[in-house]
Amino acid sequence: MCNAAQTGPYTGNCAFCPCCKPHKLQDTVLFLPWHRLFMAQMEWAMQEHDSSFTIPYWDWTASNTVPSFWLSGPIKSPMTSSCNPSGTGSASTQRNVQPINLSFVRNAVRTALSKRNLIDFSTSLTSPHDYIHWAIGCDMGSVGTAAYDPIFYLHHNYIDYLFAFWQELQAIYQ
């Protein structure tokens with residue numbers, strides 16, 4: 001969603017794009033802290049307009065139905081949707097939702113939560129994170145357009161919820 005200077009849209013060279021680096025380079029150390037910061041910054045930005053605003057999360061281990069929350073989001077020009085078979089990009093996000101395999105995501109989260117160090121937890125959580133991007137499809141499956149889809153924020157707030165829950169588990173284990 002951003003370029004290296006964070007002044008405009010992603011242009012495809014993610015090696016130099018700090019907001020996309022944890023995704024493209026599979027950086028397990030930065031994966032969870034980056035999502036936490038990204039979500040906090042978005043919430044703070046929204047709270048400038050409404051101080052009571054909080055971003056909800058979507059627990060995709062509880063239901064294989066995608067929330068009917070704001071089904072599309074605008075994409076900032078010159079970017080267009082990455083999911084248009086006719087070749088002409090849409091100015092709004094699109095989805096091609098596949099059924100969510102609840103058994104897979106539940107087991108993957110359970111396995112991740114059993115890990116005792118951050119690298120192993122982050123590595124394990126990457127799989128269900130990526131799977132949800134794939135299951136939503138279209139723009140959620142593309143690093144360049146995923147954050148334009150409103151479901152991105154519900155999904156990543158759940159990733160952050162799992163991170164916080166895992167951190168609490170570590171305190172119990174000690």
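Only heavy atoms go into these numbers, but all of them, side chains included; no hydrogens, no water, no symmetry mates. Quick caveat: nothing in here was measured; it's all calculated off a predicted structure.
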Notebook entry, point to check: Is there a side-chain contact between Asn101 and Val105, using heavy atoms and a 4.5 Å cut-off?
Noted result: no
Margin query: Would the distance check show the side chain of Thr126 and the main-chain N or O of Ser122 forming a donor-acceptor pair, the cut-off being under 3.5 Å?
Written below: yes
Note to self: Taking CZ in Phe104 as the centre, count heavy atoms belonging to other residues, nucleotides or ligands within less than 6.0 Å. Is the count above 12?
What the structure shows: yes
Next item on the list: Could you tell me whether a side-chain N or O of Gln47 sits under 3.5 Å from a main-chain N or O of Phe53, the two making a donor and an acceptor?
Entry: yes
Next item on the list: Could you tell me how the ring of Trp60 sits relative to the ring of His155: parallel (under 30°), tilted (30 to 60°) or perpendicular (over 60°)?
Entry: tilted
Notebook entry, point to check: What's the shortest heavy-atom distance between Ile151 and Met140, and which atoms?
Noted result: CG2-CG, 3.7 Å
Check: Taking side chain as C-beta onward, heavy atoms only, is Phe31 less than 4.5 Å from His129?
Finding: yes
Item checked: Set of residues satisfying side chain to side chain contact (heavy atoms under 4.5 Å, CB included) with respect to Ala62, sequence neighbours excluded -> Asp59
Next item on the list: Supply the atom-to-atom distance Ile132 CD1 to His156 NE2, rounded to the nearest 0.5 angstrom.
Entry: 10.5 Å
Checklist line | Nearest heavy-atom neighbours spanning Ile136 and Trp58 | finding: CD1-CH2, 3.9 Å
Next item on the list: State the CD1-CE distance between Ile159 and Met39, to the nearest 0.5 angstrom.
Entry: 10.5 Å
Check: Do you know which of Asn64, Val66, Thr65 makes side-chain contact (heavy atoms from CB on, under 4.5 Å) with Val97?
Finding: Val66
Next item on the list: Apply side chain to side chain contact (heavy atoms under 4.5 Å, CB included) to Leu118 and list each qualifying residue two or more places apart in sequence or on a separate chain.
Entry: Leu32, Phe163, Trp166
Next item on the list: Specify whether Trp34 and Phe38 have parallel, tilted or perpendicular ring planes, treating 30° as the upper limit for parallel and 60° as the lower limit for perpendicular.
Entry: parallel
Check: For Arg36 and Asp160, which heavy atoms make the closest approach, and how far apart are they?
Finding: NE-OD1, 2.6 Å
Note to self: Show the nearest heavy-atom pair for residues Ile100 and Ala135, with the distance to one decimal.
What the structure shows: CG1-CB, 4.1 Å
Item checked: Transitive ILVMFWY side-chain link Trp44 to Tyr153, under 4.5 Å -> no
Item checked: Minimum heavy-atom distance between Arg106 and Thr61, given as atom pair plus value -> NE-O, 2.6 Å
Notebook entry, point to check: Are any non-hydrogen side-chain atoms of Met46 and Ile55 less than 4.5 angstrom apart?
Noted result: no
Note to self: Classify the ring geometry of Trp134 against Tyr131: parallel below 30°, tilted from 30° to 60°, perpendicular beyond 60°.
What the structure shows: tilted
Margin query: Minimum heavy-atom separation for Pro67 and Arg95, please, with both atom names.
Written below: O-NH1, 4.4 Å
Check: Are Leu37 and Tyr158 in one and the same hydrophobic cluster, where Ile, Leu, Val, Met, Phe, Trp and Tyr link if side-chain heavy atoms are under 4.5 Å apart?
Finding: no
Check: Under 3.5 Å, side chain of Ser142 to main-chain N/O of Asp139, donor-acceptor pair present?
Finding: no
